[in-house]
Amino acid sequence: MTTAPLTNLWQATANAPTFAQTHDAQSVDLAIIGGGFSGCSAALEAAKAGLSVILLEAETIGFGGSGRNVGLVNAGLWTPPQEVEDTLGKAAGEKLNTALAGAPALVFDLIDQHQIECDAVRNGTLHCAQSYYHKKDLDKRLDQLSARGAPVQMLDEAETQKRLGSTHFVASLFDPRAGTIHPLKFAQGLAKAAQDAGAKIVEHCPATAVQQNGAWRVATAQGEFTAKYVIIATNAYDHKHVRHPKNQFSTVQFFQSATAPLSDDQAAHILPNREGTWDCATVMTSLRLDAENRLILGAIGSLDHATAPFHKMWGRQKLRDLYPDLPDMPFTHQWCGKIAMTSDHLPKIMDFDGKGYAPFGYSGRGIGPGTLFGTQMVKALINQDESLLPLAPIEQYDEPMTAAKSTYYECGAAAMHAGYPVLKHAKIG
Ligand SMILES: Cc1cc2nc3c(=O)[nH]c(=O)nc-3n(C[C@H](O)[C@H](O)[C@H](O)COP(=O)(O)OP(=O)(O)OC[C@H]3O[C@@H](n4cnc5c(N)ncnc54)[C@H](O)[C@@H]3O)c2cc1C
């Protein structure tokens with residue numbers, strides 16, 4: 001078996017725009033900490049509204065989840081809409097569901113408006129059932145989504161197998177609102193559009209402290225400055241604990257492996273419509289093509305952990321099972337990233353007296369939510385109207401046992417992947 005180096009395909013295939021490395025800010029309207037979808041969309045919205053804005057990124061734009069993800073631009077959350085309403089209450093749940101149903105449109109509109117070259121394909125996504133037992137989950141989602149006006153459609157076994165080019169699945173839920181992007185290029189494109197609109201984007205410049213004392217004071221190694229408003233968008237990659245000193249979420253690692261580009265003949269049969277896909281397994285698997293027809297397989301698990309060999313072996317075997325006719329193709333890129341997972345799997349927005357926000361915990365669905373939350377947080381600050389947020393902000397939030405839960409997720413994924421040769425016959429894995 002060929003072992004691929006740990007390189008991120010998105011990093012290897014992006015052309016990073018040039019951003020500043022230094023700042024001499026004294027005072028700004030809005031300071032943003034973190035250059036992922038949340039921070040970059042906020043910077044763009046603020047600059048377009050005429051605010052003076054500085055975005056500090058500790059590493060490079062898209063270093064966190066935004067530059068590592070699968071690139072599925074989905075409507076809604078992982079949590080089905082009825083559960084969202086049961087958890088938040090009907091009115092608040094409906095508000096969040098409605099806002100997130102429109103999130104792919106926001107993402108694709110921003111891509112169009114700012115001519116962001118990020119390999120955007122809006123051909124929908126397929127949530128696939130690997131057995132009739134798993135299809136029950138899709139039936140439930142179909143009912144709930146249809147009742148809320150979503151144009152989703154159940155595809156039967158023959159159609160699903162034709163779309164995937166694999167006999168592995170018995171049905172799929174097609175969502176035409178969704179699509180795929182090169183996620184790092186999208187994050188970089190948002191930051192470039194914000195810079196073009198007047199925002200100062202500074203890379204390799206971690207905020208070392210953010211304090212509210214009348215105005216906000218933001219400290220960096222290059223000096224301190226003040227800000228009227230702050231958005232702390234560090235999410236799962238919080239560095240220096242600028243967001244909050246306590247535990248607010250557990251982390252789930254997700255890794256991906258990409259093959260070399262498929263031949264035209266192979267690509268004609270595998271995902272010919274280029275939908276993004278994922279399955280119904282507890283330890284979920286994702287599958288998509290990139291712009292060069294590399295097949296990208298993803299699953300829960302860390303490649304930075306002692307459990308990595310189990311995940312890598314599973315990847316090899318899973319690809320063979322999905323596509324037995326495909327000759328063994330080495331993985332040319334493998335990488336992983338951290339997902340911030342809250343206990344109810346719903347995102348949160350911390351509120352700092354209406355003078356700042358910190359969103360986190362998108363729980364695996366951050367392209368649409370991050371872009372929407374970033375945009376709406378700025379509107380809420382400018383108008384001093386928190387009803388513009390898709391979700392009521394909270395002042396306090398702590399979760400117990402987050403480290404133990406993170407270990408549990410990793411060990412559970414490793415056990416499923418180690419046991420895959422046996423479990424697959426029961427269609428569990
Ligand atoms: C492997 C993986 C697959 C995923 N797949 C999907 C998917 O297909 N679809 C989907 O919708 N979502 C997906 N997600 C979730 C999604 O990627 C995240 O929810 C989203 O990227 C979060 O964006 P963000 O801007 O809030 O945070 P991030 O992108 O994590 O950005 C936070 C940034 O803050 C910076 N930072 C931290 N501390 C400081 C500091 N002190 N000073 C300055 N900067 C700082 C970090 O360096 C980082 O760049 C996936 C996530 C992962 C990890």
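Values below: all heavy atoms of this structure, side chains included; hydrogens, waters and symmetry mates excluded. Counting starts at 1 for both ligands and their atoms, in listed order.
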**Q** Would one find an N or O of G364, backbone or side chain, under 3.5 Å from an N or O of ligand 1?
**A**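 Between G364 and ligand 1 (N or O atoms, distance only) the closest approach is under 3.5 Å.
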
**Q** For atom CG of N213, is the number of surrounding heavy atoms from other residues, nucleotides or ligands below 6.0 Å larger than 12?
**A**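 No, not enclosed.
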
**Q** Who gets closest to atom 46 (C) of ligand 1 by heavy atom: E59, E57, Q253, H239?
**A**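 The nearest heavy atom belongs to E57.
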
**Q** Backbone or side chain, does any N or O of C205 fall under 3.5 Å from an N or O of ligand 1?
**A**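 No, since none of the N or O atoms of C205 sits under 3.5 Å from an N or O of ligand 1.
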
**Q** Between ligand 1 and R68, is the shortest N or O to N or O distance under 3.5 Å?
**A**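 Min N/O separation from ligand 1 is not below 3.5 Å for R68.
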
**Q** Look only at interatomic distance and state if A207 has a nitrogen or oxygen under 3.5 Å from any nitrogen or oxygen of ligand 1.
**A**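 Yes, there is a polar N/O contact under 3.5 Å.
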
**Q** Among T371, I32, I367, whose heavy atom sits nearest atom 11 (O) of ligand 1?
**A**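 Residue with the shortest heavy-atom distance to the ligand atom: I367.
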
**Q** Do ligand 1 and G39 have nitrogen or oxygen atoms that lie under 3.5 Å from each other?
**A**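 In fact, backbone or side chain, G39 has no N or O that close.
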
**Q** Where do E399 and K348 land on the salt bridge (Lys or Arg N to Asp or Glu O under 4.0 Å) test, with the steps shown first?
**A** CA-CA 12 Å; E399 281 189 14; K348 315 284 172 212; over 6 Å; no

**Q** So, regarding G65 and ligand 1 (criterion: nitrogen or oxygen to nitrogen or oxygen, under 3.5 Å), is there a contact or not?
**A**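 It does: an N or O of G65 is found under 3.5 Å from an N or O of ligand 1.
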
**Q** Which heavy atom of A194 sits nearest a heavy atom of A47, and at what distance?
**A**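 Minimum heavy-atom contact is O-CB, 3.8 Å.
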
**Q** For ligand 1, is there an N or O atom under 3.5 Å from any N or O atom of G64?
**A**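 N/O-N/O distance below 3.5 Å exists for this pair.
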
**Q** Could you go step by step and tell me if S38 and Y362 meet the side-chain hydrogen bond (donor to acceptor under 3.5 Å, both in side chains) rule?
**A** CA-CA 10 Å; S38 308; Y362 300 138; 2.8 Å; yes

**Q** Considering both backbone and side-chain atoms of F37, is one of its nitrogen or oxygen atoms within less than 3.5 Å of a nitrogen or oxygen in ligand 1?
**A**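 Yes, since at least one N or O of F37 sits under 3.5 Å from an N or O of ligand 1.
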
**Q** For ligand 1, is there an N or O atom under 3.5 Å from any N or O atom of G366?
**A**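 By distance alone, the answer is yes.
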
**Q** If you compare all heavy atoms of T342 against all heavy atoms of Y397, which two are closest, and at what distance to 0.1 Å?
**A**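 Of all heavy-atom pairs spanning T342 and Y397, the closest is CB-OH, 4.0 Å.
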
**Q** For E117, is the CD atom crowded, meaning more than 12 foreign heavy atoms sit under 6.0 Å from it?
**A**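 Open.
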
**Q** Flag the pair Y357 / F373 as yes when their ring centroid distance falls below 6.0 Å, and as no otherwise.
**A**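 No, they do not, as the ring centres are separated by 6.0 Å or more.
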
**Q** Do any nitrogen or oxygen atoms of V70 come within less than 3.5 Å of a nitrogen or oxygen of ligand 1?
**A**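 Yes, V70 has an N/O under 3.5 Å of an N/O on ligand 1.
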
**Q** Do you know which of H333, H305, H311 makes ring-ring contact (aromatic ring centres under 6.0 Å, His included) with F255?
**A**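 Only match with F255 under ring-ring contact (aromatic ring centres under 6.0 Å, His included): H311.
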
**Q** For atom 22 (C) of ligand 1, which candidate among T220, N235, N74 holds the nearest heavy atom?
**A**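 Nearest heavy atom to atom 22 (C) of ligand 1 lies in N235.
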
